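Computed from a predicted structure; not experimentally measured.
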Amino acid sequence: MAKIASFKGILYNQKKIANPSRVVAPPYDVITPEEQEKLYSRSPYNIVRLILSREPEPYESAARLFDEWQREGILTRDEKPAIYFLTQSYAYKGEKERKGFMAVTRIEDFSSGAIRPHEATLAAPKEDRLRLMLACNANLSPIFALYNEPRQMINRLLAEHVQGKPADVEVKEDKGGSCRLWRITDAELIRMAEREMEPQPLLIADGHHRYEAAMNYRERMRQQTPNFNGREAFNYVMMVFANMKDEGVTILPTHRLVRSFAPIGFRELEESLMRYFYIEPYPKNPEGQRSFLRALQSGRKKHRLIGAAFKRDPRYLILRLKNKRFMQRLAGDLSAPLQELDVSVLHRLILDHILGIKPEDQVKEGAITYSQDEEKVLQMLDKEDYMAAFILNPTQPEEILAVTAAGEKMPQKTTYFYPKLIDGLVMNRLDPVEEIAEN
């Protein structure tokens with residue numbers, strides 16, 4: 001399944017970059033224009049200048065800077081292959097810590113089942129990331145992948161190995177979190193990680209576009225290398241691997257604000273909802289909102305629940321599906337695991353069947369606004385030009401695995417893995433004549 005290997009990472013030289021917190025950034029696809037400006041002004045060496053350049057020729061600019069920073073010693077490449085153990089501390093309903101490690105993994109076609117996507121991709125972002133890879137010949141950002149190993153042997157042994165040792169890199173995040181990274185070159189530990197990961201299928205959590213760009217980059221390079229043997233660096237991609245069983249792996253729900261739908265009378269809407277759902281109402285006041293959100297969260301393990309609020313309805317509603325056969329009838333083209341997801345019930349039964357928003361209209365720009373902040377969503381419904389809000393519980397890792405095992409992908413914006421990885425800790429040069437050594 002997963003063929004991982006150590007690699008010679010490229011890191012910021014802390015003899016020249018005294019504060020590594022000033023040169024790291026979030027992944028490119030969550031950086032707003034305001035954040036881009038802030039990161040640009042933070043340091044002339046911030047990784048944003050590579051992953052999300054604002055220059056007129058962004059790919060050429062990124063390649064030029066990447067080469068310059070290596071020549072000037074701002075970035076230095078490790079002499080020995082390593083894997084990189086990292087911990088990311090953050091606050092979400094208490095203090096948490098997510099463990100993981102960084103290595104390269106052999107690129108596999110999705111048909112093999114060794115690496116599984118859970119979201120659909122778009123052509124433009126894939127082309128964008130491919131052009132950046134072709135210009136820089138490097139993985140500038142890691143892909144985030146999950147594996148499922150209940151014993152947590154890798155995390156345990158790597159954590160024991162670094163216990164009491166100062167981190168090689170430590171950065172603070174703007175939102176208060178921190179990340180520590182240790183370089184591990186111990187041959188036996190690396191072999192252990194490779195051995196334990198080999199039977200594991202990998203689930204791409206974040207970085208679908210970058211992974212497919214890496215697949216396309218591999219094909220381009222193979223065409224230029226007639227006698228390739230499969231061990232060349234371009235056959236591999238840099239990833240961070242986190243164990244689903246780690247308590248620090250947090251998946252946030254992504255809530256929906258619907259801007260408009262065809263006019264429907266209050267009584268007609270009520271009858272349509274009651275045909276398919278048991279309804280539990282709460283008054284639209286501060287105490288009612290708190291009770292509504294508490295009930296939605298506490299009931300998620302017993303029933304499939306969706307929270308709803310409509311513009312002129314003085315109530316918050318918890319909707320519980322009466323019978324899963326409704327979804328079998330309305331969404332028979334979906335696999336059973338996909339039919340059972342709350343987000344599928346929302347999009348197929350409520351948005352499409354009841355409100356009349358067809359799937360092709362749901363994905364139009366501006367039709368639906370997404371947010372992980374349920375209180376903000378409910379506030380926006382009251383104050384802005386939206387017709388309905390829907391509050392979801394988080395999708396569980398086991399549900400994601402069941403969907404991907406059936407060969408299907410989840411609806412757009414189903415998952416939000418928190419916190420996002422940090423870019424700028426380690427990069428990976430893709431030397432066309434260099435081979436990766438698997439044990």
Side-chain angles (χ1 to χ4, degrees), residues 1-10 27-29 51 81-84 100-123 125-148 154 190 193-242 400-401 404-405 407 409 421 423 426-439:
M1 286 289 201
K3 282 288 187 180
I4 73 161
S6 56
F7 69 107
K8 296 178 182 178
I10 295 175
Y28 82 101
D29 54 351
I51 62 171
I83 61 175
Y84 302 84
F101 71 98
M102 192 182 302
V104 293
T105 188
R106 191 166 64 194
I107 296 169
E108 301 281 357
D109 294 336
F110 292 141
S111 59
S112 73
I115 297 177
R116 301 171 181 175
H118 79 276
E119 289 184 347
T121 54
L122 301 172
K126 283 190 289 189
E127 179 64 18
D128 166 58
R129 293 300 97 178
L130 174 60
R131 292 181 66 183
L132 184 61
M133 285 188 72
L134 290 168
C136 297
N137 293 301
N139 302 135
L140 301 176
S141 309
I143 292 161
F144 186 29
L146 298 177
Y147 66 98
N148 186 16
I154 300 175
I190 293 173
E194 291 173 338
R195 185 174 61 249
E196 291 296 316
M197 289 296 292
E198 189 163 0
Q200 293 286 342
L202 299 176
L203 175 69
I204 299 175
D206 276 330
H208 289 79
H209 292 101
R210 279 171 281 147
Y211 184 79
E212 292 194 34
M215 294 172 70
N216 293 333
Y217 178 87
R218 177 193 64 176
E219 296 312 307
R220 294 275 191 102
M221 296 304 294
R222 284 183 171 184
Q223 290 170 12
Q224 299 173 24
T225 314
N227 298 317
F228 69 87
N229 60 23
R231 303 296 290 272
E232 298 87 357
F234 57 73
N235 294 289
Y236 297 77
V237 65
M238 183 174 65
M239 285 189 176
V240 168
F241 306 94
I400 303 172
L401 281 177
T404 58
K409 297 177 182 178
L421 292 180
D423 279 7
V426 184
M427 287 153 269
N428 177 39
R429 190 166 71 205
L430 300 172
D431 189 326
V433 299
E434 187 172 290
E435 294 189 1
I436 299 295
E438 291 180 2
N439 290 318

| query | Any chance CZ of R220 has more than 12 other-residue heavy atoms, nucleotides or ligands included, within less than 6.0 Å? | reply | no

| remark: Between M221 and P432, the two heavy atoms sitting closest are CE-CB, 3.9 Å

| said: F101 vs I4, test: side-chain contact (heavy atoms from CB on, under 4.5 Å). Steps then yes/no. | reply: CA-CA 11 Å; F101 71 98; I4 73 161; 3.7 Å; yes

| Expected output: side-chain Y84 to main-chain G9 donor-acceptor under 3.5 Å | yes

| Hey, does Y211 have a side-chain heavy atom less than 4.5 Å from the side chain of I107? | yes

| request: Would you give the length of the straight line joining atom CG of L401 to atom NE2 of H118, rounded to the nearest 0.5 angstrom? | output: 10.5 Å

| query | Atom OG1 in T225, atom CG in N235: separation rounded to 0.5 Å? | reply | 8.5 Å

| query | Do the side chain of E198 and the main chain of E196 share a donor and acceptor less than 3.5 angstrom apart? | reply | no

| remark: Residues at least two apart in sequence or cross-chain that pass side-chain contact (heavy atoms from CB on, under 4.5 Å) with D206, listed by chain then number, are F144, F417, K420

| request: Can you see which heavy atom on F7 is nearest to which on M427, and at what distance? | output: CE1-O, 3.9 Å

| remark: side chain to side chain contact (heavy atoms under 4.5 Å, CB included) test vs P142 passes for just one of N428, V426, D423, namely D423

| task | Nearest 0.5 Å please: distance from the NE2 atom of H209 over to the CG atom of L130. | result | 12.5 Å

| query | Are M133 and N139 side-chain neighbours, meaning at least one heavy-atom pair lies under 4.5 Å? | reply | yes

| Side-chain heavy atoms of F234 within contact of F228, under 4.5 Å | yes

| Spatial distance of atom OG1 (T105) from atom CD1 (I115) [nearest 0.5 Å] | 4.5 Å

| field | Straight-line distance of L134 CG to Y217 OH, nearest 0.5 Å | value | 6.5 Å

| Side-chain (R131) to main-chain (D128) donor-acceptor, under 3.5 angstrom | no

| request: Check whether any side-chain heavy atom of L202 sits under 4.5 Å from a side-chain heavy atom of M197, and report yes or no. | output: yes

| request: Determine the minimum heavy-atom distance between A114 and E108, stating which atoms define it. | output: CB-CG, 3.9 Å

| task | For A437 and A5, work out which heavy atoms get closest and say how close. | result | O-CB, 4.0 Å

| field | Side chains of F110 and M215 in contact at under 4.5 Å (non-hydrogen atoms) | value | yes

| field | Salt bridge R129-D29, side-chain N to carboxylate O under 4.0 Å | value | no

| query | Got a second to check how far T121's OG1 is from E212's CD, nearest 0.5 Å? | reply | 3.5 Å

| request: Please name the pair of heavy atoms, one in L146 and one in A205, separated by the smallest distance, quoted to 0.1 Å. | output: CG-CB, 4.1 Å

| Tell me, do Y236 and K3 make a side-chain contact under 4.5 Å, heavy atoms counted? | no

| task | Kindly indicate whether the side chain of Y28, heavy atoms from C-beta on, has any atom under 4.5 Å from the side chain of L132. | result | no

| message | Please determine whether side-chain contact (heavy atoms from CB on, under 4.5 Å) holds for the pair F241 and I154, giving the CA-CA distance in whole Å, both sets of side-chain angles, and the decisive distance to 0.1 Å. | response | CA-CA 10 Å; F241 306 94; I154 300 175; over 6 Å; no

| request: Would you check if D109 and R218 make a side-chain contact, meaning some heavy-atom pair closer than 4.5 Å? | output: yes

| query | Does the side-chain contact (heavy atoms from CB on, under 4.5 Å) test come out yes or no for R429 and K8, once each step is laid out? | reply | CA-CA 8 Å; R429 190 166 71 205; K8 296 178 182 178; over 6 Å; no

| query | What heavy-atom pair brings R210 and S141 nearest, and what distance separates the two atoms? | reply | NH1-CB, 3.5 Å

